[in-house]
Amino acid sequence: MTNLKTITSLAKRRGFFFPSSTIYGGLANVWDYGPLGVELARNIKNLWWKFFIHQEDNMFGFDAAILMNPQVWVASGHTTSFNDPLVECQSCHKRLRADHLIEDQLKIKVEGLDPQELDKIIQENHLKCPFCGGDKFTPTRKFNLLFKTYIGPVEDNKHQVYLRGETAQGMFVNFLNILNTFSPSLPFGIGQIGKAFRNEITPGNFIFRLIEFNQMEIEYFVPPKEWKKYYQMWEEKIEKWMKMLKVKKSHWRWRQHSKEELSHYSKLTKDTEYLYPFGFKELYGLAYRTDFDLRNHSQQSGQDLRYTDPQTREKFFPHVIEPSFGLERTVLMLLLEHYVEDKENSRVYLDLPPYLAPYTVGVFPLVKNKPKLVQLSKKIYNQLKENFPTTWDNNGNIGKRYRRQDEIGTPYTITVDYQSLEDHTVTIRERNSMKQERLEIVQLVNYLKTKVEGQK
Ligand code: GAP
């Protein structure tokens, strides 16, 4: 299992992620996407959009604003129920999640237990603060995760709004707009990719638990009696998605939430858990949200959010199946899953599928100070970048350039040498096998297209 330090260091060194506002000493647990991270993330988002939105029937893409009327979060239950249990160490005053404190030290799952029950477990087992070893904690209290801000110059309750804690609500409150504009029949879905914010008590593990992150979510509206069939359909789709990401089956699993652990809106949730270096942890969630959200928004807003059956004219609230995917947890999983230490060849490579790698192809002149080689390689580079994310490198010797591209996962690299000037061929090297073959320059685009498509 690849360790987190190795991946964090690679990600920073090679420009996948940088700590936010580094020149001011950073901001804890906030990360900026660097040039390679942003390409990898974009490839994941595009693949997700294609697979879950474009290739699906009756699916509507969406992009709701982050700020919403604060009543949305009252109706959704987030202002009262979107809480984590907080304790403070009385010696060092570090704040911790009570359930995580217990889970880490006793290896039992206690998410969702009442504060009193958590306190009892902490005291009976004499749990210690992981920072200072102290064993006195304040009683557990519920801490709301919603970030607050204000619209306008007056900072009072009337002007308070929230940064959304999940993208989901933007889609629920637009349910009626979709019904009125597109008149879809059940089942249909609304899907969105966007930022969510949570004032997490203990963020960390690089980009695993963030306070600002991206969700890729679908609210799938179904006839109430058929929810089980559609829940299963989504389980199968998620399994296909994991295959597309080329994640080994032994590295992930399903885990059903216990009753105590279920979110306030869910009757059934199964997490897709990935084997991160710190254990099997939630990667994605698949929740059966019933009609909780539509019913509450209907009551709170006074708008009728019921669907009318086109045949029977019966009016009812559809039920919702919600697959929810964290983008940064996907990025972290991919970096861990595809990191390969190839000791035999003294190199490291990222075995990313070509359709996810930040660059599909790199182009190098064999030597950098031969104008004719540079000219021809630039010409090839310019042609290729019309078709693929392409990078150019003429720094250091050719071996070093291969190693650099291997380490960031570039699946193909092209070297332009003296023979290229004579016969219009180049060598193309495949990352994993390091095999090289000679190809005519005119064949390159088709060759790469076939390779990239063929591995999907
Ligand atoms: N709309 C449902 C919802 O938000 P969730 O289980 O709280 O459900 C969904 O979040 C997904 O969002 C998680 O499975 C995870 O991938 C991602 N996620 C949640 N909290 C996160 C955090 N603090 N940092 C990074 N990703 C997070």
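Each ligand, and each atom within it, is numbered from 1 in the order the structure gives.
Listed by chain and number, residues touching ligand 1 at under 4.0 Å (heavy atoms only) are Glu166, Ala168, Arg198, Glu200, Phe208, Arg209, Leu210, Phe213, Gln215, Glu217, Tyr265, Glu282, Leu283, Tyr284, Gly285, Arg289, Glu322, Ser324, Gly326, Arg329.
With hydrogens and angles ignored, the 3.5 Å screen pairs a side-chain donor or acceptor of His264 with a backbone N or O of Ser76.
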Please tabulate, one pair per line, all N/O donor-acceptor pairs under 3.5 Å involving side-chain atoms of residues 104-114, not counting sequence neighbours.
{"unit_1": "Gln105", "atom_1": "OE1", "unit_2": "Lys128", "atom_2": "N", "d": "3.3"}
{"unit_1": "Gln105", "atom_1": "NE2", "unit_2": "Lys128", "atom_2": "O", "d": "2.7"}
{"unit_1": "Lys107", "atom_1": "NZ", "unit_2": "Asp104", "atom_2": "O", "d": "2.8"}

Would you tabulate the side-chain donor-acceptor contacts of residues 16-37 under 3.5 Å, counting partners in other chains and residues two or more places apart, or write 'none'?
{"unit_1": "Thr22", "atom_1": "OG1", "unit_2": "Pro19", "atom_2": "O", "d": "3.0"}
{"unit_1": "Tyr33", "atom_1": "OH", "unit_2": "Glu328", "atom_2": "OE2", "d": "2.8"}

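The side-chain contact (heavy atoms from CB on, under 4.5 Å) test with Thr2 is passed by exactly one of Leu10, Leu335, Leu336: Leu336.
For residues 160-180, the pairs satisfying salt bridge (charged side-chain N to carboxylate O under 4.0 Å, His left out) are Glu166-Arg289, with sequence neighbours left out.
Counting heavy atoms of neighbouring residues, nucleotides and ligands inside a 6.0 Å radius, atom NZ of Lys246 exceeds 12 of them.
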